[in-house]
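The structure appears below as structure tokens.
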Amino acid sequence: MIEAVNKQIKLFLTSIEGSSNDSTQAILNKFTTSISEDLKNGHLTTNVCMVAASILRLNPKELAENLEKSLKKLNKFKKVEVAGPGFVNITLHREDFVSIIKEIMKLEEDFGKSDIGNKKRVQIEFVSANPTGPLHVGHGRGAAYGDAIGRILKSTGHYVEKEYYINDAGRQIDILTASVLLKIIQKEINDFFPQNAYKGTYIELIGKDFLQNNKIKYNDIGILTKNLASDPEKEIDQIIVNLKEMDIEIWNLAKAFSLKSIIDSIKSDLKEFNVNFDNWFEESSLGSLESPVSEITKSINKLKQDEEAYEKDGAIWLNTDSSGDDKHRVLIRDDGRATYFASDVAYHKNKVDRGFDSLINVWGADHHGYIKRIEASIEALGSSKEILKVKLVQFANLFKSGKKVKMSTRSGEFFTLRDLIGDIGTDAARFYYLSKQADQHLDFDLDLAKSDSKENIFYYIQYAHARIFSLEKKFKETHSNLKMNIDSIKNNGYKKCDVLIHEISKYPNIINKSSRTLQPHIIIFYLRDLSQLFHSYYNDNHVLSESEENIQSIIFCLSAVKQTIANGLKVLGITPMQKM
RNA sequence: GCGCCUGUAGCUCAGCUGGAUAGAGCAACUGCCUUCUAAGCAGUGGGUCAGGAGUUCGAAUCUCUUCAGGCGCGCCA
């Protein structure tokens, strides 16, 4: 029906005196015809006259009156009227209004899906936490967000690949390895443990596991802690060098073992959190500067060749002017080692080369200063920075018993994603992570997420779904004589269901908007509104005592509501509950 | 100092490509369970949309500015 209205609007616009092709196009790009916010404004509403008025400098109300006449001539609608400052509101014929119910019954879980993405190839990189410890609650938010937008984009006709970038190269992995080894031999070195090593019981556990199949025997262990620098950064680097010298074989074994055990635990946490990646991309696969054919070497060579990178003060720098970054950035340090940024440049080149139409990076908000240099590198390597969208995810503060849960890094103990899942479950955790715009601070109340009050929106929505599920079950028992047939129901049998029908009609547009803006939270707010309308209906109407004449229509309508709630939850990666 | 984000009811937040009387939940107060799950529903009160200026027929929404808060500004990752 919206298409029919828009077709007529197009004709109407070209007939306006003084309009040009350009102005008409501008109006067409800007106006909307949509399901009205509120039934009192009819079923459909369009703001085209107000948009046209501001572009053509005409009176919106006059335009609206003309459009009204033009739409009435079509003879397709029950009522067309001008309202407010120049809206044109349309009331559909009964048959058209309720047709959504049959549509949903037919489409089932496909209701809300669309092809607006035109099969665009989108890659989403998210979480990508360093494999030096377990995922914490901050990573959880990025995981929930990245996975949700992946599902949303997929359901709106995009081809989506989800990827985790594993920083498995570089100094931090050496620090991890050293931490594990030092824990194992801690007693032999008088409980010495450097300030900058990783702490936490997980380090000890990895050490114990490692000893199951390996033996460690250092000959002159005293060397390890001799003449260490007082600067903690230098101290840990010296220890790494010493450990390697003392037994390179053990070092390599411990390194591989530690890395694998942490990556495995990250993978299993994410799996439990219902987050699945298509690719796990290892930083080490980009190779090193020592190899002339590695991706990292090749991308730097290309930058040098194109004079985008240059040497200064013994280091190699990237010119980042194209993105308006504050300063140029170092790719290779004056001691010849590549920076973390150099790997990232090669990694993004790799992504671009894989032929995606769009790249989405989900980053912690503290990385926002990093965006411009990556954009500059993409430009420098000959692509447009428009291909990359960086979505920033703010920190989440956890509250328990009204108190902020401290994220202590000093002791190495912190509230992990696994702890959170154990506490409130995957679905509730995902739900609350997604309940607010990703780029804003989130106060995550653990007590609320477990409470059984209306304030707990997660259960409020699930309760609506479960109530309908149970109604359907009861209905089958009490009305086993009735044969349910969607084509034989009466359009006037949807007693008092109109607000529900109107609300579920909005769903496809909610999904599209969520996809366009990459904002899952609007689906949550929509589901809450829909649930509230249902609970209200449920309280006022005793469904199972409705007449046989109407009850089929009503049950179909409520099933459509249930389907809509289920689809909305599923696209967020949350499982709808059938009973509570 | 520079850059990014935020400021809406007592609290937690929607609304922001300008549009219909600024919404919801909680908290406060009042009602509704002999009938389909009360983890529910109905109602009342509560707002200079941080302050100021501008653009517009129209501003919570756009621009400028002031104030307040958060984050980022390494040859760290």
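Order of the sequence lines sets the chain letters (A, B, ...), proteins ahead of strands, with each chain counted from 1.
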Looking at A:Glu503 and A:Lys506, is there a salt bridge between them, counting it only when a charged N and a carboxylate O are closer than 4.0 Å? yes
Has A:Phe87 got its ring stacked on B:rA20, by the test of a centre gap below 5.5 Å and a plane angle below 30°? yes
Upstream residue (5' side of RNA chain B) when A:Val543 and A:Lys30 are each assigned their closest nucleotide: A:Lys30
Is the ring pair A:Phe444/A:Tyr432 parallel, tilted or perpendicular, if the boundaries are 30 and 60 degrees? tilted
Taking the P atom of each, how far is B:rA27 from B:rU35, in whole Å? 25 Å
Base partner of B:rG43, which must satisfy Watson-Crick or wobble distances under 3.5 Å: B:rC29
Would you classify A:Asp344 as touching base, sugar-phosphate or nothing, given that sugar-phosphate means primed atoms plus P, OP1 and OP2, and contacts are heavy atoms under 4.0 Å? nothing
Does a side-chain N-to-carboxylate-O contact under 4.0 Å join A:Lys450 and A:Asp423? yes
At 4.0 Å (heavy atoms only), tell me whether A:Ser470 reaches a base, stays on the sugar-phosphate, or touches nothing. base
Could you tell me whether A:Asp344 and A:Arg373 make a salt bridge, using a distance below 4.0 angstrom between a side-chain N and a carboxylate O? no
When you measure from the side chain of A:Lys40, which nucleotide among B:rU6, B:rC41, B:rU21 comes out closest? B:rU21
Tell me which of A:Gln578 and A:Gly84 sits closer to the 5' end of RNA chain B, going by the nucleotide each one is nearest to. A:Gly84
Taking only the P atom of each, what is the distance from B:rA20 to B:rG58 in whole angstrom? 15 Å
Roughly how far apart, to the nearest Å, are B:rC49 and B:rU8 at atom P? 11 Å
My understanding is that a pair needs two contacts under 3.5 Å, Watson-Crick or G-U wobble. By that rule, which nucleotide pairs with B:rC36? none
Is the shortest side-chain N/O distance from A:Lys436 to OP1 or OP2 of B:rC13 below 4.0 Å? yes
Which part of the nucleic acid, if any, lies within contact of A:Asn196, taking any heavy atom under 4.0 Å across all strands shown: a base, the sugar-phosphate backbone alone, or nothing? nothing
Of all the nucleotides listed (B:rG70, B:rC57, B:rA20), which has the minimum atom distance to the side chain of A:His441? B:rG70
Picking from B:rC36, B:rC41, B:rG15, the nucleotide nearest the side-chain atoms of A:Gln437 would be B:rG15
Apply ring pair (Phe, Tyr, Trp, His ring centres under 6.0 Å) to A:Phe126 and A:Tyr164, showing your working. CA-CA 6 Å; A:Phe126 60 110; A:Tyr164 188 119; 8.2 Å; no
Say you pick atom P in B:rG47 and the same atom in B:rC41; how far apart are they, in whole Å? 25 Å
Distance alone, cut at 3.5 Å: any donor-acceptor contact between the side chains of A:Glu235 and A:Asn196? no
Residue pair A:Ser480 / A:Glu477, side-chain donor-acceptor N/O under 3.5 Å: no
Has A:Arg467 got a side-chain N or O lying under 4.0 Å from the OP1 or OP2 atom of B:rA39? no
Tell which nucleotide pairs with B:rC71, taking only Watson-Crick or G-U wobble pairs whose two distances are both under 3.5 angstrom. B:rG3
Once you round it to whole Å, what is the distance between C1' of B:rA39 and NZ of A:Lys579? 16 Å
Rounded distance in Å between the C1' positions of B:rU48 and B:rU12: 22 Å
Nearest-angstrom distance from the residue atom CD of A:Gln440 to C1' of B:rU8: 12 Å
What integer distance in Å separates A:Gln462:CD from B:rA39:P? 15 Å
Return the pairing partner of B:rU48 with a 3.5 Å limit on both distances, Watson-Crick or G-U wobble; otherwise return none. none
Scan A:Phe525 against the nucleic acid and name what it touches under 4.0 Å (heavy atoms): base, sugar-phosphate only, or nothing. sugar-phosphate
Checking only heavy atoms, does the side chain of A:Thr45 share a donor-acceptor pair with the base of B:rA20 at less than 3.5 Å? yes
Interatomic distance where CD1 belongs to A:Ile457 and P belongs to B:rC13 [whole Å]: 11 Å
Whole-Å distance separating the CG atom of A:Asn541 from the C1' atom of B:rC32: 15 Å
Looking at B:rA22, which nucleotide sits across from it as a Watson-Crick or G-U wobble partner, both distances under 3.5 angstrom, or is there none? none
Inter-nucleotide P distance (B:rC4, B:rU66), Å rounded: 14 Å
Among B:rG40, B:rU12, B:rU6, which nucleotide has an atom closest to any side-chain atom of A:Asp443? B:rU12
Look through every strand shown and name the nucleotide pairing with B:rC62 as Watson-Crick or G-U wobble, where both distances are under 3.5 Å. B:rG54
Just the rounded figure in Å: distance from C1' of B:rA22 to CD of A:Glu37. 13 Å
In B/S/- notation, 5' to 3', how is nucleotides 72-77 of chain B contacted by protein heavy atoms closer than 4.0 Å? SSSBSB
Quick one: which of B:rA38, B:rA42, B:rC36 gets closest to the side chain of A:Leu471? B:rC36
With P as the reference atom in both, quote the distance from B:rG15 to B:rG7 in angstrom, rounded to an integer. 10 Å
By the 4.0 Å heavy-atom rule, please label A:Asp445 as base, sugar-phosphate, or nothing. nothing
Taking A:Lys562 first and then A:Glu472, would you say they form a salt bridge - that is, a charged N and a carboxylate O separated by under 4.0 Å? yes
Taking atom P in both B:rA42 and B:rG25, what distance in whole Å separates the two? 8 Å
Since syn is defined as within 90° of 0, does B:rC16 count as syn or as anti? anti
Would A:Glu163 and A:Lys351 pass as an ion pair if we require N to O under 4.0 Å? no
Testing B:rU6, B:rC41, B:rA20 for proximity to the side chain of A:Asp540, the answer is B:rC41
Value in whole Å for how far the C1' atom of B:rA27 lies from CG of A:Asn456: 17 Å
Select base, sugar-phosphate, or nothing to describe what A:Ser54 touches, counting heavy atoms under 4.0 Å on all strands. base
When the aromatic ring centroids of A:Tyr433 and A:Tyr145 are compared, is their separation below 6.0 Å? no
From NZ of A:Lys496 across to P of B:rC36 the rounded distance in Å is 18 Å
Classify the nucleic acid contact of A:Ala466 as base, sugar-phosphate or nothing, counting any heavy atom under 4.0 Å across all strands shown. base
Any carboxylate oxygen within less than 4.0 angstrom of a Lys/Arg side-chain nitrogen, looking at A:Lys349 and A:Glu295? no
Answer with base, sugar-phosphate or nothing: what part of the nucleic acid does A:Gln394 contact at a heavy-atom distance below 4.0 Å? nothing
